[in-house]
> 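Take this structure, written in structure tokens, and hold onto it; I'll ask about it next.
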Amino acid sequence: MDVIVGGGVVGLSVAWRLAREGRPVTVIDPAPGSGASHAAAGMLAPVSEVTYTEAPLLRLGVASLRRWPAFAAELAADAGLGTTGLEAGGQESPEHAVGLRLAPGAPPGRGLDLRADGTLDVAFGADDLAALEELAAFMDKLGLPVERLTGRECRRLEPMLAPSVRGGLLAPDDAWVNPRRVTAALLTALERRGVPLVRARATGLLHEDGAVVGVRLEPGGEVRGERVVLAAGAWSGGLADVPVRPVKGQIMRLRSPQPLLSRCVRGAVHGSSVYLVPRGDGELVVGATQEEMGFDTKVTAGGLYELLRDARELVPGVTELEVADVVAGLRPGTPDNLPVIGPSGTPGLVYATGHHRGGVLLAPLTTAILLGEESELAALCAPGRFRDLS
Ligand code: GLY
């Protein structure tokens, strides 16, 4: 049996794919779906989430985004959700395009709320424009589609943008999904497959003869298995020797009677990056701070102030919206911002952690790596790369 420690999007996805392969699995988590996955905006945005120095992360993200349509369709079917509101892209899609498109007439906000209308990254000043041009040149070199837009073209796409926007970059294949719906669907799919969920906290790994053979639980007891898959996000470093640290993100959900935006919009304001993600159900997600504060999950006045101040620069109308939800989550950061996926140096222990800002995006790829379907990309995520770190 495989014991999956962690019931976020990554852990639940791994459990679900293994269960679909007919493997016996058990999931351990005191409150599944309540950590980083609950806070996450769900951006499936490999192009607009990277900087031009992050080619390996971009490769992982693009590969995982390609897997999302099939992953979502299988998950929706397994969870009994019916349509995901998506169909595959047409023949005319260029080879590198992901090909996610909303089915004509599909009601938004249903199923997993997977949408693929691209990300518009906007700039206000000369420095921001130069940074966008650097990113665009990087994408051109890799053959990934991006469109350079003037301020006027940006506002034609998104009329609620501030008049001071001077230009932008459209990443047409970037997409997004509602992570809360994804975790709920995964939990339903796992229940329908009879996968046990142990609602307890794993406090340590059980070792025997140099191998990991299970986990200890709080308030007592243990679960044993042939393999332990550590998918405990920011808490992974407390359970095993893996360099994962918490990176706090505060995020806000606003409620909009009429959609303010039709695609994900982001931009750099006052040196920090802010993004706005419209949901099919009328929510507008505004995120996120990036703070090195240990395991602190307090929502602070300063954090919310920064988010609102920056979001208002992009889209002045946000201040009219009702606040629906504010939350802080902990991203599992690693020294090189790449996830840690695959066998550890210890027999019986496998990692699926360290996804930092990309857990939702990278969940399908993570399952594929663990099932041996992506050996080349697996090398980028190999846990062994940190063994020489002291
Ligand atoms: N992926 C966006 C974030 O971590 O804030």
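Counting starts at 1 for both ligands and their atoms, in listed order. Count residues from 1 along the sequence.
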> Classify the side-chain pair Thr289/Glu306 by whether it contains a donor and acceptor separated by less than 3.5 Å.
no
> What protein heavy atom is closest to atom 4 (O) of ligand 1, reported as residue, atom name and distance in Å?
Arg331 NE, 2.7 Å
> Taking only heavy atoms of Ala288 into account, list the atoms of ligand 1 that are under 4.0 Å away from them.
5 (O)
> Scan Leu314, Val277, Val315 and name whichever one has a side chain to side chain contact (heavy atoms under 4.5 Å, CB included) with Leu261.
Val315
> What do we get for His356 next to ligand 1 when only non-hydrogen atoms under 4.0 Å count, side chain, backbone, both or neither?
neither
> Which heavy atom of the protein is the closest neighbour of atom 5 (O) of ligand 1, given with residue, atom name and distance?
Tyr275 OH, 2.5 Å
> Is the closest side-chain donor-acceptor distance between Asp121 and Ser48 under 3.5 Å?
no
> For atom 1 (N) of ligand 1, what is the closest protein heavy atom, and at what distance to 0.1 Å?
Arg357 O, 2.8 Å
> Do the ring planes of Phe71 and Trp16 sit parallel (below 30°), tilted (30 to 60°) or perpendicular (above 60°)?
perpendicular
> Salt bridge (charged side-chain N to carboxylate O under 4.0 Å, His left out) with Arg59: which of Glu374, Glu376, Glu54?
Glu376
> If you measure from each non-hydrogen atom of Gln290 to ligand 1, which part falls under 4.0 Å: side chain, backbone, both or neither?
neither
